[in-house]
Each structure stands twice: as structure tokens, then as C-alpha cells.
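Note: hydrogens, waters and symmetry copies are ignored here, and every other heavy atom, side chains too, is used. Lettering of chains follows the sequences in order, A, B, ..., and the numbering in each one begins at 1.
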Amino acid sequence: MKYNEYKNLSYPQIGDEVLQFWKDKKIFEASVDTREGAPTFTFFEGPPSANGTPGIHHVMARSIKDIFCRYKTLQGFQVKRKGGWDTHGLPVELQVEKELGITKDDIGKTISVEDYNEKCRQTVMKFTDQWNDLTEKMGYWVDLEDPYITYKSEYIESLWNLLKRLYDKGLLYKGYTIQPYSPAAGTGLSSHELNMPGTYKDVKDTTIVAMFKVTTPKTYQVFGNIAGVEDLDIRILAWTTTPWTLPANSALTVGANINYVLVKTFNPYTYEPVAVVLAKDLVGKYFSEKGQDGDFDGFAASDKKLLPWTILAEFKGKDLEGIAYEQLMPYIQPTIGPSDKPAFRVILGDFVTTEDGTGVVHTSPTFGADDFRVAQANGIPAIMVKDENGKEVPIVDRRGRFVKEITDYAGRFVKPEYYSDEEQNDPEFRPTDVLIAIKLKEEGKAFKVEKYEHPYPHCWRTDKPVLYYPLDSWFIKTTALKDRLVELNKTINWKPESTGTGRFGNWLENLVDWNLSRSRYWGTPLPIWRDDYGNEVCVGSIEELKDFLEEALLSGHLTKEQAFHNSEYLLKLQHGDFDLHRPYVDNIVLVSKDGHVMHREPDLIDVWFDSGAMPYAQWHYPFENQEIFNQSYPADFISEGVDQTRGWFFTLHAIAGMLFDSVAFKNVVSTGLVLDKNGNKMSKRLGNAVDPFQTISQYGPDATRWYMITNAEPWDNLKFNIDGIGEVQRKFFGTLTNTYNFFALYANLDGYEFHEATSVPVESRTELDRWILSKLNTLIKEVGEQFDDYNPTKAGRLVQDFVTDQLSNWYIRLNRRRFWNPSQESGQGLTEDKKAAYETLQHCLVTVSQLMSPIAPFFAEWLYKSLTDGDRAASIANNTGYQFDSVHLTYWPKIESSEIDLDLEESMELAQKISSLVHSIRKGHKLKVRQPLSKILIPVLSDKTKRQIEQVTSIILTEVNVKTVEFVHDDSGILKKKIKPNFKTLGPKFGPKMKEVAGAISAMTETEIKDIERSGAITLHTASSPIEIAISDVEIIAEDVPGWLVASEGGLTVALDITVTDELRLEGIARDFVNRVQNLRKDSGFEVTDKIRITLQNNDSLLATAVTSNKEYICQEVQALNLSLVGDLNGEAKEIEMDEFLLKVKIEVV
RNA sequence: GGGCUUGUAGCUCAGGUGGUUAGAGCGCGACACUGAUAAUGUCGAGGUCCGUGGUUCGAGUCCACGCAGGCCCA
């Protein structure tokens, strides 16, 4: 047997078998090796972390990656894809802590850093086996033999090298960020620690609405028009729940589009006249309605409980920008840096709301993250002091006390909770916030002081409130190259585009410096050593580290212990069994040129730097593989989830742009999420997560991949419904398998073999053959275009529609007769016609296997091999088409333009439409297809349509079981025409008069329609004026043939003669008879090739006549050698129901 | 709160540059076929195109404002 036939095909089994085949024959390796020397297509693998188990969304993400790599391989590119593992970072640490039942506090106490990191190293690869297993089973081709692993020394060395390059360019610097900090514990808190339950507690704080005095109001336009402005004491109101930050105030932030008002009133504590600025929406919060436009003159004499007030002016926040005010608590003057502007000004910020407060935010860059950001963006300096080493520090020390420069409160804790219980319980005790409130009231700088209850974060260790506090951090100065990064981004092809221009583009536009520092244990150490005297080195390689170590040892400035650690490490470096992680590198002490010892900055770097550096570090560049790197940079293609936009996509882009003035990737597909079928996020906790292993073992990898890819475009979220996979399996894979089996069944019966040299020339094949080949070539073109456009969804849908609608439902169905025509046994050999049919179908199927192979690699392989294995040896010998062992080693099919016949495609479309219309009429009149009818009438208004229909007439006739097609021409006089306005052309001409014109056109008489057809134009008279209509402004269709049954759709009309003549009736009965005999054959278990003898009991003259007069036809159809009518069958007959007869018949194999 | 994104039939999705009657598959109903048969085909029912305004002769499509979901960031 040449083509394997399959009963009860199991898709998971195909997966297993093909996987084994790939392994045995090393097909993946071959798919790379056979492209040696060809242009490369570079793909970067975004490394997953193997410390968790893979989920169904990984199948999705990796299918996308796999698809384009396979596609480009088919296109002839060499596509190397190195796998990788992300191994550092917080999730690993957390998992280890969970497993060991410890917290970060235990590190260095109950467990050494050394042991802790060792545990991380083991844990991080914990599920590697599962990942590898899934990778194989889902058919993701990636090199797992030699993956990059981010914790390896080579990898880290590359990172150090990149950091050194940044450092040398002055792009790596030490600054600070505002982070949650616990003075009681003396440590910063991660966002994870801040999200722990119980962290936020309701506390009652003293809050102050402070009054910031505007200097020289009349110089500002916004106040300029106010009468008597020079006499006003204008104060901007700003509310704070942390009064202790007021001495550090250096700006006020307002919302650009928020409405503010200037309100004339009195200071509620000093009763001095004043005019205050606050958000309009919040006026009601501070002023009672009774006081509006109240008695100003009589206020002094009143009990002063009711403040009179009146609105003097209203303006937008943006009108206030730049206004200067007097420093509220002038203990310390800001040091103005080179890029700074003066402090104590009004600036704009997007985080301002009118939910509470005054709509003006008191801004102290050292004690608020928003404050810091907005201040930096506006060049506002911070209020800082210098410590004993001349280093700038905030006005609150690390224990939470004011520094000495804040004379009134020097040494006081800013939060009462930092005092001991005893101190707090002293009746004389006043929290610092209260002292500040009193002082401001006395100075006439407070508008309102009150207690306010709100949630505030607390340190989970000490239970004391957290401060937002500036902590040292290392930064990459991404802002310095922002413009270039924006430029480079414009050259990247983003799918979808909006991620690139929107999410990513906006992110670049609003870029801040990249904070590299992480206070952790398991990660890449920052390779910077420094002392307290301004000396600093950045180590860029292991070689350098050796040199520095040697220098340090020779310097004589090390203690005994330091020298011991250093020489120990140096020895390890020399032997190659070193570890660049903590704690080992922490013990290295270097010595500066002027003889000071330098310690490593204790930070680790952001893991995103690890992954963003993979283009270089995966090859241990620049220490090794320079050539490979140069060939494979930048990447042609990457793909990850859209959530990576500010993660991996950014870090890749930033490093490439800053160090190599290049993009890191040219094309990127950012993928959406995989949700459950109800659109909820999948999570193990909710139990709605789908197990990828189970899915693949149940449905096989191909249906799973096909479903995920064709159901939604990659960047849309996918609502994953397992039933959808079943549907894809039945609909697409089932149909395709059936189609193949159909081919195999008859090809084997006929002993068909493919010989390229003697194949039937395309031009001498049938209409249907040429049509499907034309469709096929169109398909190749379109699928290629979609893959080129990185749209696998559209590509897959095109293939699927071709297979189900065109190939199976039209080509195969209409050609069945050709295939089962028993030419071989009747001694004719394989006729030219049959051969053409096999060749056409086989070619279609092989091509389909290629087109679908990127998406469904296993099934495509199975299909390809089933179709071509038998021809392999000959093909190799003759260097012809089917020489490749695997579909994945073939080359993308060439588009044979000469085989594309769009006119024929249109013809066939007409045939399909006409057939459908006839079926519809038959249906409406309960005329089953088996009853032949005599005539279809098709009105045609153009010669082209007529010719196109004529080309496929025979196909239509067989499909709908009608004897003839007749065309009704325009001049026959029996057509009834309908005229419709063509709005597209009429629109520009008539515009507003459209309704009138459309009405006039619809009302045209038969004569007028003839007129416009003849002369190409006509003048119509509407109510207002005569109008000129051209033939192109209307659409004329023949929609009715009076006296006939008619159906029409889209301008195509079909009329059907439903008269059943006696002759047709007999023929119908004969067909019915054939049908019953066929059933009987099948029920009796005869072989398809068996010849039979039929004996029919003559008990009805109509039936007898029908059978006799169609005897030849019947015999041929049911392969009867003999058909006889007898008087009585003596009970040997089978009784079968026909519509109106009781059939008594006997069949036997001859 | 901000940026991006999605909303069309019971479900999953199509619907260049606006053109009047909005499509497909599944599901559902009916029928046909019975030599692709645990297949297959045909026909049918099913829609306030998230809402409200606006632009236009004409809006599923363009604009504005909302509502609901998603992601990222605060």
C-alpha cells in the first residue's frame, strides 16, 4: 500500500509519533543545518523562569514564537534559536523563603547568605524538566541543549561588561529614590512587603492646611486684573497629613485643568484679612454657605465664628504655573543644582485631585515619590543638608529624627510612634506634628488644623509607621538618550502598532532614569567598589577583577582578614571555580590609588537588566563568540506578552540604544492574555487554570495550537474554551483527515503513483482541477502575505477556509464520481482524467501541509509524510518535489502565477451561488434533489457573466440535478428589471438632495430604465429641479421572471422550472430505486467492487416502467450485470419502502 | 487617577478609505444524502452593532462624553 489509510486516527498519537520521528532523524537540527550559508533570521528567546510550572498561556506565547521561526525556515532562512532561563529575582527568593519557612530577616541570622543563595540556585531550576517536556510536546523548536542561564558566571561577566560600558559613558550614577522605609527597623521595604495583609492601618494624624504666601502677586497675569490686588495678602492653601514634611517643602503642585478660585476672607486663627487660593470644588469644605459674601466690615466686632468670604476670581491650574511663594518654614535653603530652577514655585502634576484637601499638593521631593518625580520633571531642587562627610542627606535622619539644622525640632522623632510608650504617655508629650501646627497657627500660616483618620502603611516587622524616604540607588541615565530611544523605536515594526506608538511610545516619552538597585541576595551583584573619599571603580570583567585583587593585595592597606578573603577569591578565580554572587563578592575589598579601602556597593541589579542584556550575555559577548554575535544582532523577531512592554521590551531597547546605538529587535509581536472561557484571569487559586499537559494529551498539540492561534489575534486576549479545541479538531483536522483518507482510499485502489515527469499538464486538466489549483496559488500568496505581516491568525483562517469550503466541500464533493469510476478494473488503466484528479488533489494536500506546518507542525508532518513517503526515494534520485524527509525541511511553495485564473474563480463562485439558489427554491417547494428537473433560467445582463456561467454549466447541472440552463437576455422582453441608486457615486454629486434623488431613481419606469441603458444617461425630474443621472450612478438588476419561481441574491437571479414531466418522474423513481439498491448493497455487506444481479418483483406498473426505461443507468450506477423483473419472488425478496411504493427486490453477488 | 486596549447573533469571531438589506463557524431547528458514513450537504430561525449626544444626504465604521471588561503604571 502506497498511501496509508487511517481508521480511528488519534491526534495525540500523531503528536507522539511525529515527535519520535523528529528525535530519531534530528529534524530540528537539520532544519538549521540545511540552511547553513543562507541569510539568517534571528530570534531572541525571552527567558522564562523555571521556578514555576508552565501554564496554557505559555503554549500560546511559544506557539507564536515557533510559528514565525518555522515559517522563516521554510522561506529558506537559517533560524537559530537559543533557549534561555531567567534565574534571578524576587519570585525565586520568595519561593525559597516559603519552602524554608523563613523571612528576609532570617537571612544572615538563621541561614547564611551562602546557604540561602545555594538554595535559590537549586530552586530556580526546579521545574526545568516540566518545561522541557512541555517544550517538546507542544512542538516548540528551541535549542535546549545549550541554553543561556542568567546566574552563570559567563553571563554575569557579560553583564558587568555592559555595566562598565555604561559607567564609562557616564550613564551609571548613584542617586536616590523615594521608597517606603522603616526607621524603626532601619530598612527599606519592598512593594511586596508593603502589600502584606495588615500593613495598612487606620491612624489619626494631625493634619494642617498650610498657607503659602504668594510673593508680589500683581506681577502675575492671573491676579493682575483683580481690583486692589496690591493690598491683598494672597496665600495658596495646601493640605498635608504629614506636617513634619513641611520644612522640606520646595514646591506646590496643582492640576492643569482643575478650576481654582481666589477667595477673600479672614485667617481663622489670627483674624487677619487674607485671600486664599484653592480648588473651586473644595470651597464648600472650608467655607459655610452662610458666610458667602458676608459682612466683612463687621467681622472684627463679631464673635468671629462665621468667616465671611467672597470669590474674587476663578482660573485654571495651568494659569497658576510658575507663581513664586515664600518658603513656609525657612530652616534650610535649597542648593540649586546646575539643571535646577528656583524652588518655592507652583508646578503642574497629573496626580492632583479634588477628592480631598485643597486641590493643591504640598510637595517635598525628599519625602514623596510623586513629589520627587514632579519636582525632577520641573527642575525643583530638594531641601537637603550636608552630613559630616559632606554628603547630601535629607532633613530627617535614618532613625526618623530631624537633623540639627531644623533647630526648633532638632533630634525629635517625626512620628510619635517612634518614641517609647513611656515617653508617649507623659502628659507633657506633644507629637512633633502638633508642635509644628502650633507654630504655624501662631505665625498665621495655618488655615485649618484637625485630626484626620486615614489608612497608613506600617512596617510588618516593628508595627511602626513607615516613612517615604530617600534611599541610595544606582541609576542608568536613560533620560540622557531619550530622544534617540524614541527615534529608534520608530523603526521597529510593532504588532499591534498601538503597543509601539501608544504604550511603549508614551513610556519612552515620559522616561525616567532606570533604577537598577535592588536590596536583595539572589541576583547579579553591582560591580562597583567605592570608599568614603570619592574613589570608585566599576569592574568590567573577571580579568579586571583579578588585577584589582592583586593590586589590593600588594597595596599593604588591607587587614589580615581582608587580605585572606582576597587571596582566597583570587585563587578561586585562577582555578575557575569562583562564584560572582553574594556573599563571596561582598568579601572582596579593593584599594584605591590613594590607598583607601573600597567596599562593594551592596546592591544587586534589577533582574530586568539580566534579561535585557541577553542578546550579548547569551553569547558571553564580548569575551567570546564575537562573530556569532555580529551575525545575530539585532533580532529580526521577538515576541512576549504585552505586560513585558515596560519590562523586557524596554530593557532590550534601552541597552541596545544606549550602548550600541541600535534597536535590539526589528519586529515584535506583543501577545495578549489567556483568560478562562468566561473572560476571567486564570489562576491556580481560583481553580480555573488549564493544565497544558492534559490539554495536549487529550487533543494533541496541533488542535491546541490551531485553536489558540486562529481563534483570536495574538494581541487580543484569548478566552480559552476547551470546547473550541474540539470544534477545531472536528471542523478542520477532521475534514482534512477525511480528505486525505478519501485520496488514499482510491489512490491505493487504482495503484496511483506520482511521477513528476509524466504529470498531466495543468492546461489539459478539468475546470474543477484548474479552479482548485488557481485557488491554491491564490492561497499560497495570501497566506505568505499574512505570515510576512506577522499575523498567524489570518494565515491560519485562510488555510482552514480553503480546506473546508473549497477543497473538501466543493472540489472533493463534486469530483467523487471521478475518483470512484472503476477505470482500472475495466481494463482501461489509470485514465488521464483520473490521474489528473489524483495529481491535483495530492498537490493541494501537500501544499496545505506546508502552509499549515508553522501552526500545526505535527499534523502537517504526518500529512506530508503520508502523502509523499512512498515517493521519497524516487524523488531524491530525480531531485524532484518530494525529496525532503520532513515538511519542515521543504521550501515555501512557489506561487505559479500562470495557474491563477481569477476569471475561472469568479465562474466557480457563480456556480456555487447559482447552485445554492436552486437548492433554496427546491427546498421551498419540497422538491428533493433526487427528482430531476428540466430547466433553470438565468437572466444575464452582461456577456461576461453569461460566458462565466457557461463555463461551469455542467457543474451546476450535476450539483442541482437539472437538465439544462437557459439564459434570458435583455431583449427577450420577459425580464423584469429593478433599478437601485448607487450611493457611492451619487453622494458626491448630490449630497443633501440625496433622498430626493434616490426616490426618483427608485420610481423610474421600465421605459426610463431602457432609456438610461441605451443612452447611458437620463434626465429625471424631481420636485425641485431636473437632475442628470449617468448609468454608473445606478445598478440595474433583473430580479424577476414573471411566471417562474425565482430566487435572487446580490444581483444574481435564478428561475426554476418545476414542472415534473412523466419522463422526469420516471427518472426520479429510477434514482430512488438506485438509492435503495445501494443501501441494500451496503446493508448486505457487499464490497464496493462486487458486481450484482437484481431481481425485482413486478407489483407496480409505474415502478416497472421507471426501472425498465432507465435500466442502463441503474445497472451502471449499482454495478449490476443483470436486472430482471419477475412476477413473484416467492418470499425471497427484501421489502423496502420507497416514497409511494413497496419494493420487493433481491440482490446477489455474481 | 493616567496610558493603552476590547465591546457586533446564545458562544467564538469577520466586517480597507462612511453608502442604505451587517456576515461566517459553532450551537439550535428542519430537510436531504447514504460508495468520504462515528462522515457529508442544503435550507432556516436568531442582531436596539455597549449607551448617549454630535458631524453627514447617509454612521457598526468618524468625533465627544459616558458605561463595562482587560493589561500596565501611579
Side-chain angles (χ1 to χ4, degrees), chain A residues 7-8 255 350-353 355 369-370 373 496 498-507 509-510 641-647 670 672-673 675 677-681 707 710-713 715-721 723-724 726-728 730-732 734-735 737-746 793-794 797 800-801 804-805 808-810 812-813 816-817 819-820 822 915-916 918-924 926-930 959-960 980-998 1049-1050 1075-1076 1078-1079 1081-1083 1086-1089 1117-1119:
Chain A
K7 290 277 175 205
N8 302 325
D350 55 16
F351 55 88
V352 182
T353 69
E355 297 272 301
D370 276 334
R373 190 166 48 81
S498 61
T499 302
T501 54
R503 193 181 278 213
F504 195 67
N506 292 344
W507 164 248
E509 291 292 346
N510 299 311
V642 69
D643 54 340
Q644 297 282 346
T645 307
R646 293 171 184 194
S670 78
L673 262 69
L675 307 170
K677 64 178 173 183
N678 299 318
N680 299 313
K681 213 170 158 175
Y707 163 73
T710 58
N711 197 46
E713 289 185 317
W715 35 88
D716 285 335
N717 290 348
L718 171 70
K719 287 186 198 164
F720 187 91
N721 188 346
D723 296 340
E727 189 180 319
V728 156
R730 276 194 308 278
K731 181 85 192 145
F732 176 59
T735 306
T737 309
N738 278 337
T739 306
Y740 167 76
N741 271 337
F742 180 88
F743 166 82
L745 174 68
Y746 294 106
T793 307
K794 289 202 168 127
R797 286 175 182 173
Q800 178 165 331
D801 289 348
T804 56
D805 297 348
S808 170
N809 187 29
W810 199 250
I812 295 273
R813 204 158 52 78
R816 273 144 84 197
R817 204 157 269 274
F819 286 97
W820 78 60
S915 301
S916 166
V918 174
H919 278 305
S920 156
I921 300 173
R922 292 189 88 114
K923 185 86 178 174
K926 298 207 183 304
L927 291 162
K928 44 176 152 180
V929 182
R930 222 177 297 158
E959 176 66 8
V960 300
K980 286 199 330 196
N982 179 357
F983 290 97
K984 212 162 187 170
T985 59
L986 289 168
K989 279 193 205 170
F990 298 105
K993 289 164 72 185
M994 200 65 175
K995 284 215 170 76
E996 212 179 322
V997 175
E1049 189 212 328
N1075 163 250
R1076 299 307 191 273
Q1078 297 287 35
N1079 286 346
R1081 278 186 63 123
K1082 202 172 168 197
D1083 292 345
F1086 296 178
E1087 290 297 315
V1088 176
T1089 47
E1117 284 298 302
V1118 303
Q1119 302 185 53

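As rounded to the nearest Å, B/rU61 and B/rC49 have P atoms that lie 10 Å from one another. Distance check on atom C1': B/rG46 versus B/rU12 gives 16 Å, rounded to whole Å. Separation of the C1' atoms belonging to B/rA9 and B/rG60 is 14 Å when rounded to the nearest angstrom. Annotation: B/rC65 and B/rG47 have their P atoms spaced 33 Å apart (nearest Å). The same atom, C1', is picked in B/rG27 and in B/rC73; the two are 41 Å apart, to the nearest Å. Of the P atoms belonging to B/rG70 and B/rA32, the separation is 49 Å, rounded to the nearest Å. Comparing the same atom, P, in B/rC57 and in B/rG18 gives a spacing of 15 Å after rounding to whole Å. Taking the C1' atoms as reference points, B/rG23 lies 29 Å from B/rG66, given to the whole Å.
Atom CG of A/Leu745 sits about 11.0 Å away from atom CZ of A/Phe819, to the nearest 0.5 Å.
The CZ-C1' distance, from A/Arg373 to B/rG1, rounds to 11 Å in whole Å. At whole-Å resolution of the value, CZ in A/Arg797 and P in B/rG15 are 8 Å apart. Note: CG (A/Asp643) to P (B/rC71) measures 10 Å, nearest angstrom. The distance between atom OH of A/Tyr740 and atom P of B/rA36, rounded to the nearest whole Å, is 17 Å. Between the CG atom of A/Asn809 and the P atom of B/rG41 there is a distance of 5 Å, rounded to whole Å. Rounded to whole Å, the distance from CG on A/Asp805 to C1' on B/rA14 is 13 Å. One interatomic measurement links the two molecules: CZ of A/Arg1076 to P of B/rG35, which rounds to 12 Å at whole-angstrom precision. The interatomic distance linking A/Arg813 (CZ) with B/rU34 (P) rounds to 13 Å, in whole Å.
Applying the Watson-Crick and G-U wobble criteria (two distances, each under 3.5 Å), B/rC4 pairs with B/rG70. If you check B/rA59 for Watson-Crick or wobble pairing at under 3.5 angstrom, you find it has no partner at all. Remark: B/rC65 base-pairs with B/rG51. Criterion, Watson-Crick or G-U wobble with two distances under 3.5 Å. As the counterpart of B/rG25, B/rC11 is assigned, both hydrogen-bonding distances of the Watson-Crick or G-U wobble pattern falling under 3.5 Å. Nucleotide B/rA30: paired with B/rU42 (Watson-Crick or G-U wobble, both distances less than 3.5 Å).
Using a 4.5 Å heavy-atom threshold, the side chains of A/Glu727 and A/Tyr707 count as separate. Side-chain contact between A/Phe742 and A/Ile812 is present, with heavy atoms from C-beta onward closer than 4.5 Å. The side-chain heavy atoms of A/Leu718 and A/Asn711, taken from C-beta on, include a pair separated by under 4.5 Å.
Considering only side-chain atoms of A/Arg1081, the nucleotide from B/rG35, B/rA74, B/rA36 that sits closest is B/rG35. Among the nucleotides B/rC43, B/rC71, B/rC26, the one closest to any side-chain atom of A/Arg730 is B/rC26. Comparing atom distances between the A/Val642 side chain and each of B/rU34, B/rC71, B/rG35 picks out B/rC71 as nearest. Of the candidate nucleotides B/rC72, B/rA39, B/rU40, B/rU40 has the atom lying nearest to any side-chain atom of A/Thr735. Closest contact between the side chain of A/Ser916 and the listed nucleotides B/rG70, B/rG15, B/rC43 involves B/rC43. Of the candidates B/rA36, B/rA14, B/rC72, the closest approach to any side-chain atom of A/Phe742 belongs to B/rA36. Of the candidates B/rC71, B/rU42, B/rC72, B/rU42 carries the atom nearest the A/His919 side chain, counting heavy atoms from C-beta on. Distance from the side chain of A/Glu727 is smallest for B/rG25 among the nucleotides B/rA74, B/rC72, B/rG25.
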Protein-nucleotides 4-10 of chain B N/O pairs closer than 3.5 Å?
from	atom 1	to	atom 2	distance (Å)
B/rC4	O2	A/Arg503	NH2	3.4

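Dashed line: the shortest gap from a side-chain N or O of A/Ser915 to OP1 or OP2 of B/rU42 is not under 4.0 Å. For A/Lys928 and B/rC31, the shortest distance from a side-chain N or O to OP1 or OP2 is not below 4.0 Å. Regarding contacts with the backbone of B/rG25, every side-chain N or O of A/Lys731 stays at 4.0 angstrom or more from both OP1 and OP2. A/Arg646 has no side-chain polar atom (N or O) that falls below the 4.0 Å cut-off from OP1 or OP2 of B/rC73.
Between A/Thr739 and A/Trp507, the one whose closest nucleotide on RNA chain B sits nearer the 5' end is A/Thr739. RNA chain B is contacted by both A/Gly734 and A/Ser920; A/Gly734 maps to the nucleotide lying nearer its 5′ end (nearest heavy atom per residue).
Within 4.0 Å (heavy atoms only), A/Asp723 reaches no atom of the nucleic acid at all. Note on A/Arg922: nothing from the nucleic acid sits closer than 4.0 angstrom, heavy atoms only. Looking at heavy-atom distances under 4.0 Å, A/Ile812 makes contact with a base.
A donor-acceptor pair is defined here as one N or O able to donate and one able to accept, closer than 3.5 Å; no such pair exists between the side chain of A/Asp716 and the backbone of A/Ala712.
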Kindly determine whether A/Trp810 and A/Ser915 satisfy side-chain contact (heavy atoms from CB on, under 4.5 Å), including the steps that lead there. CA-CA 11 Å; A/Trp810 199 250; A/Ser915 301; 4.0 Å; yes
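A/Ser808 contributes a side-chain N or O that forms a donor-acceptor pair with the base of B/rA36 under 3.5 Å.
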